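The structure under discussion appears below in the form of C-alpha cells.
Everything quoted here is computed from the prediction, not taken from an experiment.
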Amino acid sequence: QVQLVESGGGLVQAGGSLRLSCAASGRSFSSYAMGWFRQAPGKEREFVGAISWSGGRTRYADSVKGRFIISRDNAKNTVYLQMNSLKSEDTAVYYCAADSSSNESGLYSYWGQGTQVTVSS
C-alpha cells in the first residue's frame, strides 16, 4: 500500500509559478512510476505528466510541455510538480498517482486527495 498526500496548491497570478509536492508513505515508493493529473470543474480528469521510478524519464501532456517539470527525490519519498508560466486554464485540482507512467488514469493503483491550484488572470 502507498498513501499519497499532495501539498503546495494555492492562488497565483497568471504568469507565476507554483511547486506541488506529493509525499508518499508505505513500501517501495522508489520502485513506482508516478503521475500527475488534474481535473477542472465540469471536465474530465486529464493527464499532466509522469516520471519513471528512477526519475530518468519524464513525459508531459502537450498542454504543459515546456512549462511544467516533474522531478522526484526517492530519499524523501516525494515527487514534485514545478509549474511555471501558469495560465488561467491551468486552474484545477491536481492529483498525484502511483504505480504507472501511463496517461490513462485507470492504470494507476494509488491516488492522493488532490490540491487546488487557482490561477487568476
*Same cluster for V64 and V12 if Ile/Leu/Val/Met/Phe/Trp/Tyr side chains link at under 4.5 Å?*
yes
_Heavy-atom closest pair, residues T78 and A23_ = OG1-CA, 4.2 Å
*asked:* So which atom in S52 and which in G56 form the shortest heavy-atom distance, rounded to 0.1 Å?
replied: OG-N, 3.2 Å
*Where the side chain of E6 meets the backbone of S21, is there a donor-acceptor pair that is under 3.5 Å apart?*
no
*Do side-chain atoms of S63 reach the backbone of A61 as a donor and acceptor pair under 3.5 angstrom?*
no
*Examine W36 and M34 and state if one hydrophobic cluster contains both, with Ile, Leu, Val, Met, Phe, Trp and Tyr joined whenever side-chain heavy atoms are less than 4.5 Å apart.*
yes
*Go through the structure and list residues passing side chain to side chain donor-acceptor pair (under 3.5 Å) with R57, not counting sequence neighbours.*
none
*Mark yes or no for whether Y108, through its side chain, and S102, through its backbone, hold a donor-acceptor pair below 3.5 Å.*
yes
*Check the pair F68, L86 against side chain to side chain contact (heavy atoms under 4.5 Å, CB included), reporting the backbone distance first and the verdict last.*
CA-CA 9 Å; F68 289 12; L86 283 161; 3.9 Å; yes
_Any donor-acceptor N/O pair, T58 side chain to A50 backbone, under 3.5 Å_ = no
*asked:* According to salt bridge (Lys or Arg N to Asp or Glu O under 4.0 Å), does anything in residues 34-52 pair up with another residue at least two apart or in another chain? List the pairs.
replied: R38-E46, R38-D90
*Could you tell me how the ring of F37 sits relative to the ring of F47: parallel (under 30°), tilted (30 to 60°) or perpendicular (over 60°)?*
perpendicular
*asked:* I want to check something: taking the side chain as every heavy atom from C-beta on, are D99 and V2 in contact at a cut-off of under 4.5 Å?
replied: no
_Ignoring hydrogens, what is the shortest heavy-atom contact between V79 and S71? Give both atom names and the distance._
CG2-O, 3.1 Å
*Taking the side chain as every heavy atom from C-beta outward, state whether V117 and L18 have any pair of such atoms under 4.5 Å apart.*
yes
_So W53 and S101, do their side chains get closer than 4.5 Å, heavy atoms only?_
no
*Under the side chain to side chain contact (heavy atoms under 4.5 Å, CB included) rule, what do L4 and W111 come out as? Steps first, then yes or no, please.*
CA-CA 6 Å; L4 304 173; W111 290 85; 5.6 Å; no
*Linking I/L/V/M/F/W/Y whenever their side-chain heavy atoms sit closer than 4.5 Å, directly or via other members, would I51 and Y110 fall into one cluster?*
yes
*Walk me through it: do S25 and Q3 pass the test side chain to side chain donor-acceptor pair (under 3.5 Å)?*
CA-CA 5 Å; S25 59; Q3 292 79 43; 3.1 Å; yes
*How about N74 and S30: does a side-chain donor come under 3.5 Å of a side-chain acceptor?*
no
*asked:* I want to check something: taking the side chain as every heavy atom from C-beta on, are K65 and R59 in contact at a cut-off of under 4.5 Å?
replied: no
*asked:* Run the side chain to side chain contact (heavy atoms under 4.5 Å, CB included) test on Q116 and Y94 for me, step by step, so that the C-alpha distance in whole Å, both residues' side-chain angles and the decisive distance to 0.1 Å come before the verdict.
replied: CA-CA 6 Å; Q116 175 71 46; Y94 283 72; over 6 Å; no
_Cation-aromatic face contact R72/F29, 6.0 Å, 45 degrees_ = yes
*Dump the intermediate steps for side chain to side chain contact (heavy atoms under 4.5 Å, CB included) on I69 and Y80, then the final yes or no.*
CA-CA 8 Å; I69 300 170; Y80 304 98; over 6 Å; no
*Over all atoms of both residues, closest heavy-atom pair of A40 and A92*: N-CB, 3.8 Å
*Mark yes or no for whether T115, through its side chain, and G9, through its backbone, hold a donor-acceptor pair below 3.5 Å.*
yes
